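Written below as structure tokens is the structure these notes are about.
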Amino acid sequence: MKTLLSAAGETISYKTLIIATGARVLRLEEFGVAGADAKNICYLRDWNDSRKLVDIMAECRGGRAVVIGGGYIGMETAAALVANRVKVTMVFPEQHCMARLFTPEIAAFYEEYYKKRGVEFIKGTVMSSFESDAEKKITAIVLKDNRQIKADMVVVGIGIRANVGLFEGQLILEKGGIKVNGKMQTSNPSVYAVGDVVAFPLKLYGDVRRLEHVDHARKSAAHAVEAIMSPEKVQDYDYLPFFYSRVFTLSWQFYGDNVGKCVLFGNPEVQKFGAFWVDKGILMGAFLEGGNKDEYLRLGTLARLRPPVKDIEMLAKEGLAYPFFPDVKGKAPSFSPDLSVTERSQVLLDTPPSYILQLSAGIAAAVGISMVAVWYAKKRRRW
Ligand code: NAD
């Protein structure tokens with residue numbers, strides 16, 4: 001039996017251990033910013049953070065907030081602040097928001113949308129210090145170039161770090177996370193890890209990644225449990241990267257990998273547009289703003305199947321209607337063996353009715369044959 005020693009001195013025995021320590025926010029103090037312990041600075045990672053943010057936001061109605069960081073937290077809290085009648089200035093070091101995923105063209109759409117709602121952007125710089133009052137409340141932030149921006153509150157979303165500290169020297173670490181195999185098993189076979197904290201083999205692209213998202217957290221957790229409960233049955237984790245966000249009345253989803261050439265389609269003016277990333281003639285990633293359920297399902301299927309794309313101009317013109325599987329007549333599109341039933345059915349929506357008829361007939365025949373086989377086996381047992 002293995003044991004775990006808690007900080008309180010308690011010894012807990014276990015057969016299998018699952019690490020789900022997640023991540024912590026990066027704090028401004030770590031960048032040498034003085035006064036970062038002020039009362040009206042908010043981070044957003046846990047329940048207490050969100051309570052504090054909501055309370056301070058309520059006190060600041062009609063006032064001004066500075067949002068530090070142009071990623072998920074920055075964009076989502078800025079939208080929430082505006083909706084709560086707080087005027088927002090965003091400050092981040094890149095040339096556009098959501099730099100990890102968006103291209104300048106995609107970012108321009110969202111930034112324009114925010115600007116129309118009064119949000120100001122200060123890009124390509126970082127803050128250096130705060131001005132505070134006697135009560136230790138921030139009154140302004142000071143930028144690297146000495147500009148001052150008045151603030152009644154500050155929200156900081158400058159990224160996270162995986163919580164691996166406890167395991168240093170005990171488990172193999174990689175890419176800032178705990179290294180796991182396709183069963184979410186760490187370098188210690190009795191110890192599994194899931195979520196933001198793991199660096200896992202991304203089967204689809206043949207490399208190792210650490211992904212920060214709730215969808216991967218849920219799926220990797222379910223996978224670890226399956227691997228522990230039914231090790232003989234479970235396949236290697238085969239995750240399709242998925243990210244989404246909802247701000248104001250906007251909503252986007254992204255599946256796959258944002259590598260290669262980005263091809264835009266649709267019409268940003270009516271808030272319905274998207275992008276495909278095509279690398280070496282293969283569709284690798286797909287983004288869509290303002291899609292419906294079916295379109296988002298199709299987006300995921302395409303990123304999973306990675307069809308070849310021959311005509312980039314036509315792709316830009318047709319978007320999701322591009323004929324990704326042009327020669328499926330009478331022949332199955334190449335299903336990846338690990339596709340889920342919903343993903344498979346969506347691929348069928350791309351295929352002509354003649355093929356679906358053949359496939360349905362094929363499925364009916366297969367079901368019929370298995371029923372006969374079961375009946376025959378039962379009968380033999382009785383003999
Ligand atoms: P992020 O990585 O999305 O963005 C960090 C931002 O901070 C970037 O714009 C970066 O350039 C900027 N930055 C870095 N150092 C800075 C500095 N010194 N000064 C100013 N800006 C600086 O991280 P986040 O927005 O903090 O989000 C934290 C985590 O929460 C992430 O894992 C994110 O995926 C997750 N999250 C996800 C969602 C969603 O999926 N919709 C929503 C909220 C949070």
Side-chain angles (χ1 to χ4, degrees), residues 20-36 41-47 49-50 53 65-81 88-104 106-107 110-111 114 119-130 138 141-145 147 149 151 154-164 175-177 194-199 209-220 239-248 250-255 258 287-289 296:
T21 45
R24 63 169 182 86
V25 292
L26 272 173
R27 305 190 77 86
L28 282 170
E29 292 91 326
E30 296 172 61
F31 294 88
V33 174
I41 285 198
C42 301
Y43 289 84
L44 188 51
R45 190 70 195 161
D46 60 25
W47 173 251
D49 294 340
S50 67
L53 177 59
V66 173
V67 172
I68 313 276
Y72 285 95
I73 295 289
M75 293 301 278
E76 292 181 6
T77 50
L81 286 159
V88 175
T89 303
M90 294 187 71
V91 179
F92 49 84
E94 295 92 356
Q95 288 309 312
H96 62 79
C97 68
M98 294 293 294
R100 279 202 286 163
L101 175 62
F102 289 180
T103 62
I106 298 175
Y110 292 96
E111 288 179 12
Y114 276 55
V119 176
E120 283 171 30
F121 288 89
I122 300 179
K123 306 183 210 176
T125 188
V126 289
M127 58 163 299
S128 59
S129 62
F130 292 112
I138 288 165
I141 72 153
V142 183
L143 298 178
K144 271 255 156 82
D145 58 13
R147 264 186 293 170
I149 301 147
V154 174
V155 180
V156 185
I158 56 173
I160 60 171
R161 287 285 177 274
N163 287 320
V164 295
K175 297 197 168 168
V194 300
D196 282 1
V197 79
V198 297
R209 297 210 192 158
R210 199 179 63 72
L211 291 183
E212 298 168 6
H213 199 258
V214 62
D215 181 64
H216 156 64
R218 288 182 182 137
K219 288 182 178 153
S220 60
Y239 186 67
L240 171 68
F242 170 47
F243 302 99
Y244 61 81
S245 187
R246 285 185 284 268
V247 285
F248 296 110
L250 304 174
S251 172
W252 60 259
Q253 293 194 8
F254 170 82
Y255 287 90
N258 54 332
F287 170 93
L288 184 64
E289 166 60 53
Y296 285 134

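In listed order, ligands and their atoms are each counted from 1. All values derive from a computational prediction rather than experimental measurement.
The distance from ligand 1 to the heavy atoms of Ile68 drops below 4.0 Å at these ligand atoms: 19 (N), 20 (C). Listed by number with element, the atoms of ligand 1 under 4.0 angstrom from any heavy atom of Glu76 are 39 (C), 41 (N), 42 (C), 43 (C). Residue-ligand proximity, Ile160 to ligand 1, at heavy-atom distances under 4.0 Å covers atoms 28 (C), 29 (C), 32 (O). Heavy-atom proximity to Gly159, at under 4.0 Å, picks out these atoms of ligand 1: 5 (C), 23 (O), 24 (P), 26 (O). Under a 4.0 Å criterion applied to the non-hydrogen atoms of Gly69, ligand 1 contributes the atoms 7 (O), 12 (C), 21 (N). Of all the atoms in ligand 1, the ones that sit under 4.0 Å from a non-hydrogen atom of His213 are 40 (O).
Considering only residues two or more places apart in sequence or on other chains, Phe287 meets the ring pair (Phe, Tyr, Trp, His ring centres under 6.0 Å) condition with Phe102, Trp252. Glu76 pairs by the side chain to side chain contact (heavy atoms under 4.5 Å, CB included) definition with Tyr72, Ser245, Val247, not counting sequence neighbours.
Regarding atom 15 (N) of ligand 1, its nearest protein heavy-atom neighbour is Ile158 CB, 3.9 Å. Protein heavy atom closest to atom 33 (C) of ligand 1, with residue, atom name and distance, is Tyr72 CD1, 3.8 Å. The shortest contact between atom 18 (N) of ligand 1 and any protein heavy atom is with Val126 CG1, 3.9 Å.
Using a 4.0 Å threshold on non-hydrogen atoms, atom 35 (C) of ligand 1 does not count as touching the protein.
The shortest N or O to N or O distance between Gly157 and ligand 1 is under 3.5 Å. Residue-to-ligand polar distances place Ile73 within reach of ligand 1: an N/O pair is separated by less than 3.5 Å.
Not close to ligand 1: Met75, with no non-hydrogen atom less than 4.0 angstrom away.
Formation of a donor-acceptor pair under 3.5 Å by the Glu111 side chain with backbone atoms of Cys97 is found in this model. The backbone N or O of Glu120 sits nowhere less than 3.5 Å from a side-chain atom of Thr89 that would complete a donor-acceptor pair.
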